[in-house]
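Worksheet: one structure, shown below.
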Protein chains: 2
Amino acid sequence: MKTPEELVARFRKQGYKVTPQRQLIFRLLNGNTAHPTAETLYEVAAQQMPGISLRTVYQTLSELSAMGEVQHIDLGSGAVRFDPNVDDHHHLVCSTCGVVHDVYVNQTPLHFEGDVEGFAVHSTRIVFSGECARCAHLSA
Amino acid sequence: MKTPEELVARFRKQGYKVTPQRQLIFRLLNGNTAHPTAETLYEVAAQQMPGISLRTVYQTLSELSAMGEVQHIDLGSGAVRFDPNVDDHHHLVCSTCGVVHDVYVNQTPLHFEGDVEGFAVHSTRIVFSGECARCAHLSA
DNA sequence: TGATTATCAACAAGTCATGCTAGCTAACAG
DNA sequence: CTGTTAGCTAGCATGACTTGTTGATAATCA
Ligand SMILES: [Mn+2]
Ligand SMILES: [Mn+2]
Ligand SMILES: [Zn+2]
Ligand SMILES: [Zn+2]
């Protein structure tokens, strides 16, 4: 994702107004590695800006997603998560606490076997599930 | 997944009654490579057994899932899909028509890099997205 | 300053999945 | 064969997540 300053410029250029709400969300996403849901991002935002609406958070995330500034990741466990890291990367998910980490896989493109003649692969999504070190430690 | 006959035995052994509805679902899933949703499975079932309820389809799929006879796959696009293939395999999804194919990846376990010391990986899920041959042909 | 757009609140709707009730029916043990 | 029990269906409700709508207010930016 671009920096908050670059996003301000980009929004203005596209005819979107630069509101305090949008700027707040830009800042909260900047360098954010937590893979937050709209809801959790809203909670953090509401602390710094009481009165901001969940609807606006969803709206701004959709705009950023449409612009390719964030990706939205469906890990198949509840709400969609948003990721300002738009590099080619994959995810490691702790089944216990739900924490999500970025990981990079070098063996791509992967080879596969199957009855799928003529299929053109455009993207590959890998999710590793397991138990993080902290959860392993707590349950020991 | 076990054969319908084996499932009948297994259900009986666990104290579950063997009803025509359950047996129909066993048969519809047997060798099924379509990765159906509960809804689509219900539609097929209802043709052969008018009056069967969607609730019962969901219920039986949950039971089979709890028994490990089917896996449920969340591809992040709408409803969960059910898969009687419980081998270690992955999926290829056409972004256009939504068809899902089984694929087998040999390079597992995959290596990855990232700041994830001590994480114990229990499972890996790979989804390849792209365009199937039929959709490529139609759009050409 | 003025036109445009965003925001908010409140409410609705849609999708997917599950829960609950009541009454009827069917399975299976004895 | 029969009684007990479980499962079935219809109908309605709930829940999580997400998006749409409307109308009033406020802020942005040319
Ligand atoms: Mn990420
Ligand atoms: Mn499969
Ligand atoms: Zn954990
Ligand atoms: Zn296709």
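Fair warning: this is a prediction, and the values are worked out from it, not measured in the lab. Each chain gets a letter, A, B and so on, in the order its sequence line appears, and its residues count up from 1.
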Look at the side chain of [X] and decide which nucleotide, out of [options], has an atom nearest to it.
{"X": "A/V18", "options": "D/dT5, D/dT9, D/dC29", "answer": "D/dC29"}
{"X": "A/P20", "options": "D/dC29, D/dG7, D/dA27", "answer": "D/dA27"}
{"X": "B/S53", "options": "D/dT5, D/dC29, D/dT9", "answer": "D/dT9"}
{"X": "A/R55", "options": "D/dC29, D/dT19, D/dG7", "answer": "D/dT19"}

Determine: side-chain N/O of B/T56 to OP1/OP2 of D/dG7, distance under 4.0 Å, yes or no.
-> no
For D/dA27, does OP1 or OP2 lie under 4.0 Å from any side-chain N or O of A/Q21?
->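 False: A/Q21 side-chain N/O out of range (4.0 Å or more) of D/dA27 OP1/OP2.
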What is the distance, to the nearest angstrom, from the [atom1] atom on [X] to the [atom2] atom on [N]?
{"X": "A/E39", "N": "D/dT18", "atom1": "CD", "atom2": "P", "value": "9 Å"}
{"X": "A/Y16", "N": "D/dA30", "atom1": "OH", "atom2": "P", "value": "16 Å"}
{"X": "A/M49", "N": "D/dA27", "atom1": "CE", "atom2": "P", "value": "11 Å"}
{"X": "B/Q59", "N": "D/dA6", "atom1": "CD", "atom2": "C1'", "value": "11 Å"}
{"X": "B/I25", "N": "D/dG7", "atom1": "CD1", "atom2": "C1'", "value": "12 Å"}
{"X": "B/Y58", "N": "D/dG7", "atom1": "OH", "atom2": "P", "value": "20 Å"}
{"X": "A/K13", "N": "D/dA30", "atom1": "NZ", "atom2": "P", "value": "14 Å"}
{"X": "B/R12", "N": "D/dT5", "atom1": "CZ", "atom2": "C1'", "value": "15 Å"}

Member of B/L24, B/T60, B/L54, B/L28 meeting the side-chain contact (heavy atoms from CB on, under 4.5 Å) criterion with B/L41 |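 Exactly one candidate clears the test, B/L28.
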What distance do A/R125 atom CZ and B/R125 atom CZ have between them, rounded to the nearest 0.5 Å?
-> 6.5 Å
Flag, side chain of B/E131 to backbone of B/S95, donor-acceptor distance under 3.5 Å = no
Is a side-chain N or O of A/E69 found less than 3.5 angstrom from the main chain of A/K2, in a donor-acceptor match?
->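 Present.
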Classify the angle between the aromatic ring planes of B/F26 and B/F11 as parallel (below 30°), tilted (30 to 60°) or perpendicular (above 60°).
->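 B/F26 and B/F11: perpendicular rings.
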Flag if over 12 foreign heavy atoms under 6.0 Å of NE2, A/H137 |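 Counting neighbours around NE2 of A/H137, 12 or fewer heavy atoms of other residues, nucleotides or ligands fall under 6.0 Å, so no.
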Residue closer to the 5' end of DNA chain D, B/I52 versus B/K17 (nearest nucleotide) =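 Mapping each residue to its closest nucleotide by heavy atoms, the 5'-most match is B/K17.
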A/F82, A/M49: one ILVMFWY side-chain cluster at the under-4.5 Å cut-off?
-> yes
Taking 5' to 3' order, which nucleotide of DNA chain C is first and which is last to have an atom within less than 4.0 Å of a heavy atom in chain B?
-> C/dC16 to C/dC28
For B/G15, report the nucleic acid contact type (base, sugar-phosphate, nothing); a contact means any heavy atom under 4.0 Å.
-> nothing
DNA chain C: A/G51 or B/G78, which has the more 5' nearest nucleotide?
-> A/G51
